[in-house]
Number of protein chains: 4
Amino acid sequence: MAYNLLKGKKGIVFGALNDKSIAWKVAERAHEEGAELVLTNAPVAMRMGEINKLAEQTNSQVIGADATNLDDLSNLLSQSMEIFGGKMDFILHSIGMSPNVRKKRSYDDLDYKYYSQSIDISAISFHKLLQTAKKMDAINEYGSVVALTYIAAQRTFYGYNDMAEAKSVLESIARSFGYIYGREKKVRINTVSQSPNITTAGGGIRGFDGLYDFSDRMAPLGNASSEECADYCVTLFSDLTRKITMQNLFNDGGFSSMGMSARVMGFYNRCLDNLLPDEW
Amino acid sequence: MAYNLLKGKKGIVFGALNDKSIAWKVAERAHEEGAELVLTNAPVAMRMGEINKLAEQTNSQVIGADATNLDDLSNLLSQSMEIFGGKMDFILHSIGMSPNVRKKRSYDDLDYKYYSQSIDISAISFHKLLQTAKKMDAINEYGSVVALTYIAAQRTFYGYNDMAEAKSVLESIARSFGYIYGREKKVRINTVSQSPNITTAGGGIRGFDGLYDFSDRMAPLGNASSEECADYCVTLFSDLTRKITMQNLFNDGGFSSMGMSARVMGFYNRCLDNLLPDEW
Amino acid sequence: MAYNLLKGKKGIVFGALNDKSIAWKVAERAHEEGAELVLTNAPVAMRMGEINKLAEQTNSQVIGADATNLDDLSNLLSQSMEIFGGKMDFILHSIGMSPNVRKKRSYDDLDYKYYSQSIDISAISFHKLLQTAKKMDAINEYGSVVALTYIAAQRTFYGYNDMAEAKSVLESIARSFGYIYGREKKVRINTVSQSPNITTAGGGIRGFDGLYDFSDRMAPLGNASSEECADYCVTLFSDLTRKITMQNLFNDGGFSSMGMSARVMGFYNRCLDNLLPDEW
Amino acid sequence: MAYNLLKGKKGIVFGALNDKSIAWKVAERAHEEGAELVLTNAPVAMRMGEINKLAEQTNSQVIGADATNLDDLSNLLSQSMEIFGGKMDFILHSIGMSPNVRKKRSYDDLDYKYYSQSIDISAISFHKLLQTAKKMDAINEYGSVVALTYIAAQRTFYGYNDMAEAKSVLESIARSFGYIYGREKKVRINTVSQSPNITTAGGGIRGFDGLYDFSDRMAPLGNASSEECADYCVTLFSDLTRKITMQNLFNDGGFSSMGMSARVMGFYNRCLDNLLPDEW
């Protein structure tokens with residue numbers, strides 16, 4: 001169901017790789033709600049992905065950009081403004097990658113060049129985007145920028161590795177830049193902290209399936225899907241949330257506020273009863 | 001501008017006293033978005049207020065109820081279900097009152113009967129409402145309940161007095177009951193932590209004007225107005241936020257994430273420079 | 001090992017029921033560190049407990065007091081000051097009881113008289129103690145007051161029931177009164193949020209054993225014992241923590257900052273693999 | 001007054017530049033409490049500083065090390081172990097520097113090479129230290145590592161610039177590595193979030209004096225001094241806090257839990273009354 005919540009609005013969506021990506025769903029929903037879009041991804045990701053299919057479906061243009069490269073970002077924004085015939089209203093940042101995770105370096109044996117890349121790609125790219133946009137005055141007043149994050153920025157999750165620091169930086173940038181962009185141009189900046197999703201990205205993390213099940217049993221409403229994340233992002237891009245800024249917002253079925261659910265505890269206790277003593 | 005976000009939805013709004021009340025604005029906006037409403041307030045508040053005007057304007061029914069009284073709540077819910085022809089989809093709880101604040105008892109000289117009343121009226125009423133609703137199965141699946149709160153539940157604000165504890169209880173109930181109502185009926189429960197507003201309610205708090213100015217200068221987007229709070233509540237009642245639950249959500253122009261703004265610091269420094277030494 | 005950290009200091013310890021109580025261990029350690037003590041408990045708890053043994057061991061006096069009764073508190077403080085020959089330096093509040101938990105009322109079927117008692121006994125008693133102490137000017141400058149709490153004030157734990165609200169109030173009082181007592185008398189007030197302990201008190205909560213095991217596996221250092229809590233309280237009563245106030249401090253082996261540990265995940269995954277499909 | 005809290009313990013203190021440094025005070029207090037120390041700083045900082053005076057006073061050795069250089073860290077730890085005749089028990093990390101702040105680049109005009117250096121020097125150095133120490137097995141069981149941080153990791157402070165992200169990374173590392181070092185070697189890792197101090201380091205931040213005054217008026221106990229920070233660190237290095245890990249601990253006179261104090265509000269209101277209308 002569509003409400004025309006984003007009618008007349010223009011925005012850029014980063015990170016739509018394939019139809020499992022949250023960014024893909026956000027683009028679909030934003031389009032349904034009346035937005036005009038530019039899609040972007042790293043050139044290498046675009047080769048692997050199916051972004052052109054999405055572009056066709058949403059009647060969007062695709063512009064490749066390495067989000068760590070200032071020239072690419074500048075080019076992306078100026079081309080987008082040309083396409084839009086003016087400034088834009090919203091941006092989704094959905095970019096995260098850790099070479100340490102990919103190369104299976106454990107957190108107490110990190111490669112520091114990779115570490116720096118994790119932070120640069122997954123977080124500093126967000127600052128570069130915002131700084132470039134502000135310098136070009138590319139976002140309308142009360143525009144809205146959202147970046148996707150994960151609760152590992154607050155609590156330690158086994159296997160999430162140096163992405164914990166990357167997400168901490170990302171959320172800090174949302175606050176720091178949200179203050180400046182807010183006071184000067186009324187632009188709001190928030191992060192959405194999403195349930196684990198079974199995407200290509202999530203697949204790389206050790207023990208992911210068990211974590212997905214655990215989250216789903218812990219959260220009273222279960223994990224939030226990509227579609228539900230897209231619905232939520234639409235509200236944050238709309239004019240109905242104009243004073244929400246510098247916030248980290250959990251879209252997670254309640255997981256973040258849970259300590260222990262009956263479902264997890266029941267499962268856990270059954271395990272305690274059934275596992276053989278010598279397994280301890 | 002309206003989007004039909006609440007088309008076909010039914011809800012109860014507590015606490016609309018006059019057109020300065022946030023609840024009043026929420027009722028107006030929910031009506032604009034297509035919702036069918038029942039308005040309620042304490043009988044004594046209804047005598048003082050102009051709720052009938054709002055009822056007429058929003059084509060709603062008014063049912064008086066003391067929110068601390070289980071029979072009143074039960075009657076309110078059953079009458080509402082009769083009016084709606086079934087269960088409801090959303091509820092706004094906007095109730096807060098501290099006899100200690102009214103009687104100007106300072107926080108280190110509280111009257112304990114009043115203290116208990118502050119918590120009972122401002123917070124336990126929320127549990128009573130939820131418990132009664134759940135027992136009567138009065139809320140549809142994925143229904144949404146919102147209570148209004150203030151950041152004094154996290155940080156101490158001079159003059160806010162025992163309302164700090166009342167709001168802490170309120171937010172804790174949103175989590176505790178959000179877990180149970182979520183797992184059993186998919187009902188989500190959140191609190192919205194709103195900027196200070198110049199309402200009849202806020203007027204009772206000592207030094208309120210200065211605080212309003214301070215918040216407004218600290219928040220990069222300034223204080224959120226009642227209208228902006230109503231817009232936000234509409235998104236939380238809609239189907240676009242179905243996995244948001246057990247959260248405390250700040251609608252405050254960024255205040256909650258600020259430590260110090262240039263505007264406050266500049267003002268403050270000018271004061272430091274200008275005030276006579278003997279004032280120190 | 002003792003350091004004379006509390007040499008010359010005087011304090012009151014609430015809530016030592018038997019040698020499994022955290023308060024018992026705090027009294028022992030404070031005594032070892034050179035403090036002079038008064039022990040107190042509710043008359044009914046004293047009848048069940050062995051507090052006299054502790055009094056003998058720590059060379060302390062015992063004064064019964066119902067912590068919800070202002071006259072009892074006033075009497076306790078004035079008698080203590082007589083014994084001490086002056087004001088005191090620290091107080092431990094370790095009081096918590098929920099009639100709803102005892103009577104096995106579930107959280108969506110609370111008795112509201114019991115609910116009010118849970119909050120009154122477990123939390124408002126803390127305010128009554130502080131207000132009485134401040135009016136009597138019973139605590140020395142830079143004195144230190146600690147109350148024991150649990151992480152259920154931040155996150156929902158199945159079975160913890162209305163104690164979640166009680167602990168929320170307790171922690172809010174520590175902030176609210178910490179501000180006032182701090183600015184006027186330099187007295188600091190904090191809460192210590194402790195791991196689950198196998199005490200008489202903890203025993204009443206449903207599914208407690210599984211929760212104890214879960215916490216212990218989640219926390220990298222395992223659950224904190226009563227003895228370790230006592231050690232920590234000693235540092236908070238000492239002169240070495242004079243600017244720590246209005247804080248909620250986790251003594252929990254790291255549990256509060258964990259989202260998922262390898263030990264829990266490994267155990268959980270083994271269960272996922274081994275439990276029969278029809279158990280799902 | 002000394003208690004022998006660190007008798008027999010050995011530790012390394014980073015970042016003692018001169019007698020205004022917190023690290024300087026920590027070294028003095030740790031020495032008084034019976035610890036054996038190695039002092040270290042970047043070679044360039046050592047040339048400017050007076051670290052040899054401190055070494056003499058505390059009977060310590062000085063070993064220069066660039067904390068961003070793995071070889072330097074490895075050399076520092078192995079030399080220290082030689083001096084100590086074995087592993088160490090505690091480490092203080094007090095390192096922070098932002099080239100962007102020094103070069104007066106505003107947060108919306110950052111140099112990205114500097115940005116990366118801010119994070120590398122102020123935060124990744126902490127990971128490098130921990131990873132090197134763990135690989136060399138340089139810290140005894142239940143050893144304690146503390147890094148100094150600031151509340152700008154949680155809330156935005158005008159002028160703190162990219163140090164906000166650096167401190168966010170630092171605090172995230174304390175959690176992430178605290179989990180791993182805790183589960184494997186029982187080593188605990190915490191950050192202490194300290195009041196603003198008038199040190200050489202703090203002096204570089206714009207509007208610092210006003211901020212110092214504001215914090216001091218807001219916090220009921222006033223700002224915590226360097227000496228008070230040193231006292232607190234001593235408790236965290238001691239055996240009395242063995243289950244405290246992965247925490248960010250505020251030593252700030254209550255500032256972090258304040259929203260508005262009477263002192264700030266009174267001052268602020270006097271300004272509102274006295275400043276000429278045309279200044280608005």
Side-chain angles (χ1 to χ4, degrees), chain A residues 68-70 100 105-113 115-120 123-128 130-135 152-185 187 189 245-246 248, chain D residues 68-70 100 105-113 115-120 123-128 130-135 152-185 187 189 245-246 248:
Chain A
T68 66
N69 183 299
L70 291 168
N100 277 310
R105 304 288 300 239
S106 70
Y107 189 76
D108 52 358
D109 184 35
L110 293 186
D111 176 286
Y112 288 103
K113 194 158 172 296
Y115 200 171
S116 173
Q117 286 174 347
S118 296
I119 293 176
D120 199 37
I124 305 295
S125 63
F126 193 44
H127 191 284
K128 287 177 178 167
L130 293 165
Q131 181 162 303
T132 306
K134 180 157 181 292
K135 287 189 175 182
Q154 283 77 42
R155 303 181 203 159
T156 299
F157 285 76
Y158 165 64
Y160 202 73
N161 213 307
D162 63 353
M163 283 299 290
E165 278 78 65
K167 292 303 193 189
S168 293
V169 172
L170 186 78
E171 296 179 14
S172 180
I173 290 171
R175 288 189 296 271
S176 301
F177 220 114
Y179 161 58
I180 293 195
Y181 222 150
R183 78 178 185 206
E184 293 181 21
K185 297 282 176 180
V187 172
I189 306 179
T245 194
M246 304 172 71
N248 181 41
Chain D
T68 65
N69 183 301
L70 291 170
N100 278 310
R105 304 288 300 240
S106 71
Y107 188 76
D108 53 358
D109 184 36
L110 292 186
D111 177 287
Y112 289 103
K113 193 156 173 297
Y115 200 172
S116 172
Q117 286 174 347
S118 296
I119 293 176
D120 199 37
I124 305 294
S125 64
F126 193 43
H127 190 285
K128 287 176 178 166
L130 292 165
Q131 181 162 303
T132 306
K134 181 157 180 291
K135 287 188 177 185
Q154 283 77 43
R155 303 180 204 160
T156 299
F157 285 76
Y158 165 65
Y160 201 73
N161 213 305
D162 62 352
M163 283 300 289
E165 279 77 65
K167 292 303 194 189
S168 293
V169 172
L170 187 77
E171 296 178 17
S172 180
I173 290 170
R175 287 188 297 271
S176 301
F177 220 115
Y179 161 57
I180 291 195
Y181 222 151
R183 77 178 184 205
E184 293 181 21
K185 296 282 177 181
V187 171
I189 306 178
T245 194
M246 304 171 70
N248 182 40

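Keep in mind that what you see is a predicted model, and the values were worked out from it rather than measured. In the text below, chain A, chain B and the rest are named by the order of the sequence lines, each starting its count at 1.
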Find the one option among A:L110, A:I180, A:L130, A:V169 whose heavy-atom pairs under 4.5 Å with chain D are most numerous.
-> A:L110
Which salt bridge (charged side-chain N to carboxylate O under 4.0 Å, His left out) pairs, counting each pair once, include a residue from residues 168-184 of chain D, with sequence neighbours left out?
-> D:K134-D:E184
Heavy-atom pairs under 4.5 Å with chain D are the metric here; pick the option from A:K128, A:H127, A:K167 that has the most.
-> A:H127
How close do A:D109 and D:K135 get, heavy atom to heavy atom, and via which atoms?
-> OD1-NZ, 2.5 Å
So which part of A:A123 gets closer than 4.5 Å to some heavy atom of chain D, the side chain, the backbone, both or neither?
-> neither
Pick one of side chain, backbone, both or neither for D:F177, based on which atoms fall under 4.5 Å of a heavy atom in chain A.
-> both
Are side-chain heavy atoms of A:Y115 and D:D120 found at a separation under 4.5 Å?
-> no
How many angstroms lie between atom CZ of A:R155 and atom OG of D:S176, to the nearest 0.5 angstrom?
-> 14.0 Å
Between D:M246 and A:T156, which heavy-atom pair has the shortest distance, and what is it?
-> CE-OG1, 3.5 Å
What distance separates D:S106 OG from A:Q131 CD, expressed to the nearest 0.5 Å?
-> 7.5 Å
Okay, D:I119 and chain A: the region with an atom under 4.5 Å from a heavy atom over there is side chain
Tell me, for A:Y107 versus chain D, whether the close heavy atoms (under 4.5 Å) come from the side chain, the backbone, both or neither.
-> both
